[in-house]
Undergrad: 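Before I ask anything, let me first share the structure, which is written out below as C-alpha cells.
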Amino acid sequence: MNLVERRIATEKLPWQDSDVLGTLVLVDGGPTTGTVNGQTVVLAGTNNYLGLTFHPDCVRASADAVARYGTGTTGSRLASGTYPDHAALERELAEFYGARAVMLFTTGYQANVGIISALADRDTVLLLDAQSHASIYDGATLSGATTYRFKHNDAVDLDKRLRRLSDPTNALVIVEGIYSMLGDSAPLVDICEVVTRHGAALLVDEAHSFGVLGKRGRGLAEAAGVEDQVDVIVGTFSKSLGCVGGYALSRRHDLTMLRAAARSYAYSASSSPSVMASARAALKVIRENPDLRERLLDNAGITYHALQQLGYELGPEVSPIVGVQVRDDDLALQAWHFLIDHGVYVNLVPLQASPGPFCLLRVSLSAAHTPEQVDAIIEAFRQLRETGPLRPVG
Amino acid sequence: MKKREDYAARLTELVNQLAEAGTVVDVNSDLVDDVGLSSIEIMELIEQLEDTYDISFPLNDLAEIRTITDMVKELERLVEKQ
C-alpha cells in the first residue's frame, strides 16, 4: 500500500454507508423549492438568507457580464484578473461600509485564510473564539502564530487570556457575527471593551450576519454600534448576496497594503465577472430593500419559537439559523430522511462539525420563504416529534 | 521533580474522572487510543488546567500531546514561562 491507498483505507466519513454527503439538491426555478432524493421539498438549509439567487436584477447582471466579459478571468487580481466589475464592487462595498478600502477574494474561506495569514506570523498571538469556522482555524495554522482558543462568547475568559500575555498589543482577537451552527451572536460590545482595554486588534467575521443584522445590513458590528472599534471585517457573498466570493475591509486601516502578503488573494484566479456583477446587483437590492431583513427575521422568529415550543433543544437566541440538537447520530440520520420525506430539506451536521456533543438538523431561513413554506417547515418538525424518529421515548 | 509528580497525580485524577469505569489509566496511556477520550473531553481537561494554573495552552502544541506525560511537560513549560 502506498500513502494514498493507506490514507483512503483509513479515512472515515460521517454516515459513509448512506447517501448524505453531497446529496444532490435540484433547485427548481426559485430559491426555496427543489427536489431531493426524488421528493419535492422546501429548501431550508441553503444559507440563502435574502433569497436573491433568482432575483431578476442579479440574474440579468450576471448574464450580461458573461456575454460581455466571458466565463472567467483566468488570472489573479495582481495580474490580469481585475475587470471593471471587481473594481466597481470594491468601491461600492467601501462606500456601503464607510471603509477605507476593500479586498475581494474568490471565496469567503479564502478571505479568512488570506487575511489572517497576512496579518499574523510566528511572532504574533491569535485568540480565536472556540467555535470559530474552519477557515479561521486554517488561517491561524497557515500564519504560524501562537494560537489560543477562548471559551465561546465569553468576554471574561478572553480578558483572562489577554491578561496572561506579555504584550497583548501583539494579539489579534477573532470572533463571528453569527455562529454558523447554532445561530448565536458574539457579545460584541463586551468583546470590544476587553480588546480595546488591552490594546489588542479585533477581526469580526460577518459571513452569516452581513445582510442580516444592522440597520443597513452591515452586520453585527453595525447592530452593536461598535464599527469604529473593529479593525477588520471579513464577509462572504455566498449567503445574503446569493453568489460566491469573500471580502476583507476596514474602516480604520488601508488593508490593500496586504494584497501581496495575502497569498490566497495573490495566487488565486479572481472571481468570474458574472459573479462580481451579480454581487453588485445583490448589494444594490440589499441597500434598497430593508424589508427583506424584516421578512427574514420574522420567519426566523416564528420558526425558532415554534420549534422551541415543540420541545426541541436549540441555540440560545433567535436567528436565521435554527440548530436542532440530536444526541444520537443514527437518530439524526433517520430524522433528516424523515424531514425530506415530509417535504423539508435541512442540513445534517455530523458530530465532527458540531460545536457540542450532538449532531444538528440545521435549519436556515430565508426572506423568500412564504408563510406557507414556514408553516410546512414547522409542520414537518411537529410530525418528526409526534410520530417520527424524534418522538419522546416511553 | 516534586512539582512534576504533583502535576502527574492531578492529571491522572482528572483523566480518571473522564474515563469510562474500569479503564486503566497510567501516565503513558494514550488519551485517545487507550483511555478513549473524545476531542471535546480533552479540551475540557485542558480548560480545567488553564483555570487551575492560570495559563493558556497554545493550539499549536496540542497535536503533540498524546499522553499524561506529554501534558505534564507542556504544563511545566507553560507554568515556568509565566
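In what follows, every heavy atom counts, from backbone to side chain, and hydrogens, waters and symmetry copies are set aside. The model shown is predicted, which means the values in this text are computed figures rather than measured ones. Reminder, nothing fancy here: chain letters follow the sequence lines and each chain counts from 1.
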Undergrad: Is A/Ser264 reaching over with its side chain to a backbone N or O of A/Gln110, donor-acceptor style, under 3.5 angstrom?
TA: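 Looks like yes, one N/O pair under 3.5 Å.
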
Undergrad: Tell me, side chain or backbone of B/Glu47 under 4.5 Å from chain A's heavy atoms, or both, or neither?
TA: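 For B/Glu47, the side chain is the part near chain A, not the backbone.
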
Undergrad: Measure A/Ala145 against the heavy atoms of chain B and call it side chain, backbone, both or neither at under 4.5 Å.
TA: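 The backbone, not the side chain.
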
Undergrad: If you measure only the distance, is there a donor-acceptor pair under 3.5 Å linking the side chains of A/Ser132 and A/Asp129?
TA: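 No, no side-chain donor-acceptor contact under 3.5 Å.
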
Undergrad: Which atoms of A/Phe150 are under 4.5 Å from chain B, going by heavy atoms: the side chain, the backbone, both sets, or neither?
TA: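 Contact with chain B involves no heavy atom of A/Phe150 at all.
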
Undergrad: Which residue out of B/Leu59, B/Ile46, B/Asp51 racks up the most heavy-atom pairs below 4.5 Å with chain A?
TA: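 Highest number of heavy-atom pairs under 4.5 Å: B/Leu59.
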
Undergrad: Is it the backbone or the side chain of A/Arg161 that comes under 4.5 Å from a heavy atom of chain B, or both, or neither?
TA: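 Looking at A/Arg161, backbone and side chain both touch chain B.
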
Undergrad: How about B/Asp34 and B/Ser29: does a side-chain donor come under 3.5 Å of a side-chain acceptor?
TA: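 B/Ser29 and B/Asp34 do not have a side-chain donor-acceptor pair below 3.5 Å.
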
Undergrad: Counting heavy-atom pairs under 4.5 Å with chain A, which one of B/Asp61, B/Ile40, B/Ile55 comes out on top?
TA: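 Highest number of pairs under 4.5 Å: B/Ile55.
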
Undergrad: Do A/Asp123 and A/Asn170 have side-chain atoms, one donor and one acceptor, less than 3.5 Å apart?
TA: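 Not at all, the side chains of A/Asp123 and A/Asn170 share no donor-acceptor pair under 3.5 Å.
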
Undergrad: Give a yes-or-no answer on whether the side chains of A/Glu206 and A/Ser209 include a donor-acceptor pair shorter than 3.5 Å.
TA: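 There is such a pair (donor and acceptor under 3.5 Å, judged by atom type) between the side chains of A/Glu206 and A/Ser209.
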
